[in-house]
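Let me begin by presenting the structure, written as structure tokens, before commenting on it.
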Amino acid sequence: MNDCIFCKIVRGEIPCSLIYQDDKVMAFKDINPLAPVHILIISKQHIESVQSLDKNNSQIVAHIFEKIPYIAKEADIAKSGYRVISNIGKDGGQVVPHLHFHILGGRALCTALG
Ligand code: AMP
Ligand code: ZN
């Protein structure tokens, strides 16, 4: 059993503010929001990061990106716009080693990436 924090959320061992789920993904509010809307969409399967994707598991990314427009619409940021980010590894600022994408919106985001 994996004891990563997001695996625990998937198993219901840690509560979350659930926005959407199906058999493959889960979306919930970030516990430390950096914008008025800050939602995380994660794979239910434990995949460490984008760097761990390959031809056997990368279909999950298409599924995640199919759901993002729906989640953004429900969160009322589809028209105003938003940003999708995935942090990878140490220099990427990844803290939780489980594939996830941040959906940030509800205010104008700064243009700098670094
Ligand atoms: P990252 O730096 O990309 O790994 O981001 C991990 C994100 O997970 C951070 O924005 C945290 O605020 C968020 N986070 C950590 N624990 C939880 C939790 N239990 N529920 C919701 N969000 C969390
Ligand atoms: Zn995990």
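As the structure lists them, so they are numbered: ligands from 1, and atoms in each ligand from 1. Source: prediction; values computed, not measured.
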After noting the C-alpha distance and the side-chain angles of V61 and L53, does the key distance pass the side-chain contact (heavy atoms from CB on, under 4.5 Å) rule?
CA-CA 9 Å; V61 178; L53 293 167; 3.5 Å; yes

Sidechain-backbone polar pair: R11 side chain, F6 backbone, donor-acceptor under 3.5 Å:
no

Report the nearest protein non-hydrogen atom to [atom]: residue, atom name, distance rounded to 0.1 Å.
| atom | result |
| --- | --- |
| atom 11 (C) of ligand 1 | D30 OD1, 3.4 Å |
| atom 4 (O) of ligand 1 | V95 N, 2.7 Å |
| atom 23 (C) of ligand 1 | I31 CG2, 3.6 Å |

Show me which atoms of ligand 1 lie under 4.0 Å from any heavy atom of [X].
| X | result |
| --- | --- |
| N32 | 12 (O) |
| H100 | 1 (P), 3 (O), 4 (O), 5 (O), 6 (C) |
| N87 | 1 (P), 2 (O), 3 (O) |
| L40 | 8 (O), 13 (C), 22 (N) |
| K29 | 21 (C) |

Check the pair H100, H98 against ring pair (Phe, Tyr, Trp, His ring centres under 6.0 Å), reporting the backbone distance first and the verdict last.
CA-CA 6 Å; H100 60 279; H98 181 127; 7.7 Å; no

Please step through side-chain contact (heavy atoms from CB on, under 4.5 Å) for the pair V37 and R107, ending with a clear verdict.
CA-CA 8 Å; V37 174; R107 67 168 169 82; over 6 Å; no

Flag [X] as yes when one of its N or O atoms lies below 3.5 Å from any N or O atom of ligand 1, and as no otherwise.
| X | result |
| --- | --- |
| H102 | yes |
| G93 | yes |
| Q94 | no |
| V96 | yes |
| I9 | no |

Number of protein N/O/S atoms less than 2.8 Å from the Zn ion (ligand 2)?
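For the Zn ion (ligand 2), the figure is 4.
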
Q94 atom CD, over 12 foreign heavy atoms within 6.0 Å
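Check passes, neighbour count above 12.
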
If you count heavy atoms of other groups shown closer than 6.0 angstrom to CD of E13, is the number above 12?
yes

Where at least one partner belongs to residues 16-43, residue pairs that pass salt bridge (Lys or Arg N to Asp or Glu O under 4.0 Å), sequence neighbours excluded
none

Would you give the length of the straight line joining atom CG of N57 to atom NE2 of H46, rounded to the nearest 0.5 angstrom?
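Rounded to the nearest 0.5 Å, the CG-NE2 separation comes out at 11.5 Å.
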
Contact check, side chains of I41 and M26, non-hydrogen atoms, under 4.5 Å
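Of all side-chain heavy-atom pairs linking M26 with I41, none is under 4.5 Å.
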
Please check if I19 and V96 belong to a single hydrophobic cluster, counting links between Ile, Leu, Val, Met, Phe, Trp and Tyr side chain heavy atoms closer than 4.5 Å.
no

Transitive ILVMFWY side-chain link I31 to I39, under 4.5 Å:
no

Does ligand 1 have an atom that lies less than 4.0 angstrom from a heavy atom of C16?
no

With side-chain contact (heavy atoms from CB on, under 4.5 Å) as the test, would you mind laying out the steps for I64 and F101 before giving the verdict?
CA-CA 8 Å; I64 286 171; F101 293 83; 3.8 Å; yes

Between F6 and ligand 1, which residue portion shows a heavy-atom distance shorter than 4.0 Å: side chain, backbone, both, or neither?
side chain

Assess the residue pair I42 and F28 against the criterion (side-chain contact (heavy atoms from CB on, under 4.5 Å)); give the C-alpha distance rounded to whole Å, side-chain angles, the decisive distance to 0.1 Å, and a yes or no.
CA-CA 9 Å; I42 74 168; F28 49 85; 3.8 Å; yes

